[in-house]
Amino acid sequence: MSSIPGPNSHPAVVITQVRSPLSTLYYPNLTPKAGEIRIRVEWTASSPLELHQADGGLLIQPPHIIGSSAAGTVMEVGPSSSPTNSNSSNNRFEVGDKVFGYSFKTTPERCGQVYITAASHQYGKVPAGMSLAAVATVPANLVTVFRAAHADLGLDLPWPKPKGWEPAQKDDPILIWGAAGSVGMYAIQVFRHWGYENLIAVASSKHHEVLRGMGAKVAYDYNEHGVVGRVSEYASRTNGKSDGPKVPYIFDCIGSLEGTLRPLAEIAEKGTKAAILLPVIVKDATATDVPEYELDVTKTLPGKWAEGVELNGVRAHFWEETSGLKDRFMGEIMPTLLEEGIVQANKQRIVEGETMLERAQTALDLLREKAPSGERLVWRVADDEWL
Ligand SMILES: NC(=O)c1ccc[n+]([C@@H]2O[C@H](COP(=O)([O-])OP(=O)(O)OC[C@H]3O[C@@H](n4cnc5c(N)ncnc54)[C@H](OP(=O)(O)O)[C@@H]3O)[C@@H](O)[C@H]2O)c1
């Protein structure tokens, strides 16, 4: 990489130093190998993960390109792995296809840059009529829901969903705390589609109508005193099983030590499975404070969780290891859920700015101010000269 443009390079938005403004560096354009495509990234969605990385240095080694969800245009397709194999995954794509997906593994693959060269199974075709800004909100957080359901909650989401299929936990209370967050909204829509009917959403009151429309059975406001008691009372009343915990499944879609884990520790009982989005935020990033994070959920709130509560930290980055997802999620499941209207993309808040760097920095500042509420920050990546 270089701080000056070269003939065969492109700009990327980079964390060069923790708790410093973002910068631009230039990276080489990588020719796709077999099983890869090169994409011009046109839109991305900012995730709180970028704030954890920029302000807390979470799991990064600067310089680090930001971003994980991308939407853009296929510029180059790698050679088929076998000239006789017409099922080679690269054959799904042609130059000019509009695609969206999730690239996160190594610095050259991340999305806050004009070109990504990535494995083609990490991308799917954009459904007709959908904007790149809208679909950029989807990949990272929709796959998070599938990863959490399969690996951390043990709730089945069979694909394709067999006709007439119903989950064994159809009426079990499933608590989705932080339901107005980007992950939370996808969780409600996905679980409802697969027939989990007793979904308890916790979010600010202003989002309750939308969340009920997406499939939440009830909604409670975490800002109101007594929310823990109300959730517990509702779950006790509607859980048809005489033994076991009143809330058998908890999906913490925020992962804040004081904001979500502490109230959840009052609700969880022996036998509750809790999936908590990592990192656990021990102390928020602010303009003056260094954030603190915990990556081991079992170390949180010692002595506060009831014995026998199963605590699992969700790591979407491992989605490819989840049975059945690697080959089908980005290319088939995700576009189909959008196409069929089963999942609506998050509401978008477009972050403006003269340059890619300015837009990225403004989005990061908005995340630090906790500005997004029921919406996802999206911004145009490639500046006009690249389009
Ligand atoms: N480990 C993983 O695999 C993984 C994957 C995705 C995300 N994450 C992490 O998960 C967190 C959430 O990500 P996101 O993209 O969904 O965030 P987001 O959409 O930016 O979250 C914003 C929402 O958080 C809600 N919120 C804040 N504090 C809350 C509380 N105490 N109780 C309930 N709701 C609260 C707000 O709800 P109201 O508007 O109702 O106030 C707001 O709408 C981030 O820390 C992110 O890094 C982890």
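All values below come from the heavy atoms of this structure, side chains included, with hydrogens, waters and symmetry mates left out. Indexing begins at 1, ligand by ligand and atom by atom, following the structure's order.
The ring of Phe104 has its center closer than 6.0 angstrom to the ring center of Tyr102.
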Requested in this report: Determine, stepwise, if the pair Leu325 / Glu320 fulfils side chain to side chain contact (heavy atoms under 4.5 Å, CB included).
Outcome: CA-CA 6 Å; Leu325 289 192; Glu320 288 152 307; over 6 Å; no

**Report entry** Audit row: Arg230, Glu224, salt bridge (charged side-chain N to carboxylate O under 4.0 Å, His left out) steps and yes/no
**Finding:** CA-CA 10 Å; Arg230 276 196 280 281; Glu224 283 176 8; 3.5 Å; yes

Exercise answer, ligand 1 polar atom pairs (N/O) under 3.5 angstrom:
from	atom 1	to	atom 2	distance (Å)
ligand 1	1 (N)	Leu278	N	3.4
ligand 1	1 (N)	Leu278	O	2.8
ligand 1	1 (N)	Val314	O	2.7
ligand 1	3 (O)	Ala316	N	2.7
ligand 1	15 (O)	Asn141	ND2	3.3
ligand 1	15 (O)	Arg376	NH1	3.1
ligand 1	16 (O)	Ser182	N	3.1
ligand 1	16 (O)	Val183	N	3.1
ligand 1	19 (O)	Ser182	N	2.8
ligand 1	31 (N)	Gly259	O	3.2
ligand 1	32 (N)	Trp177	NE1	3.1
ligand 1	39 (O)	His207	NE2	2.8
ligand 1	39 (O)	Ser373	OG	2.6
ligand 1	40 (O)	Ser204	N	2.8
ligand 1	40 (O)	Ser204	OG	3.0
ligand 1	41 (O)	Ser204	OG	2.8
ligand 1	41 (O)	Tyr222	OH	2.5
ligand 1	43 (O)	Gly374	N	3.2
ligand 1	45 (O)	His52	NE2	2.9
ligand 1	47 (O)	His52	NE2	3.1

Got a list of side-chain donor-acceptor pairs under 3.5 Å for residues 265-274, not counting sequence neighbours?
from	atom 1	to	atom 2	distance (Å)
Glu269	OE1	Lys246	N	2.8
Glu269	OE1	Lys246	NZ	3.4
Glu269	OE2	Lys246	NZ	3.2
Thr272	OG1	Val247	O	2.9
Thr272	OG1	Glu269	N	3.0
Thr272	OG1	Glu269	O	3.0

What side-chain donor-acceptor pairs closer than 3.5 Å can you find for residues 156-164, not counting sequence neighbours?
from	atom 1	to	atom 2	distance (Å)
Trp159	NE1	Glu332	OE2	2.9
Lys161	NZ	His193	O	2.8

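For the ring-ring contact (aromatic ring centres under 6.0 Å, His included) condition, the pairs that include at least one residue of residues 288-307, sequence neighbours left out, are His52-Tyr293.
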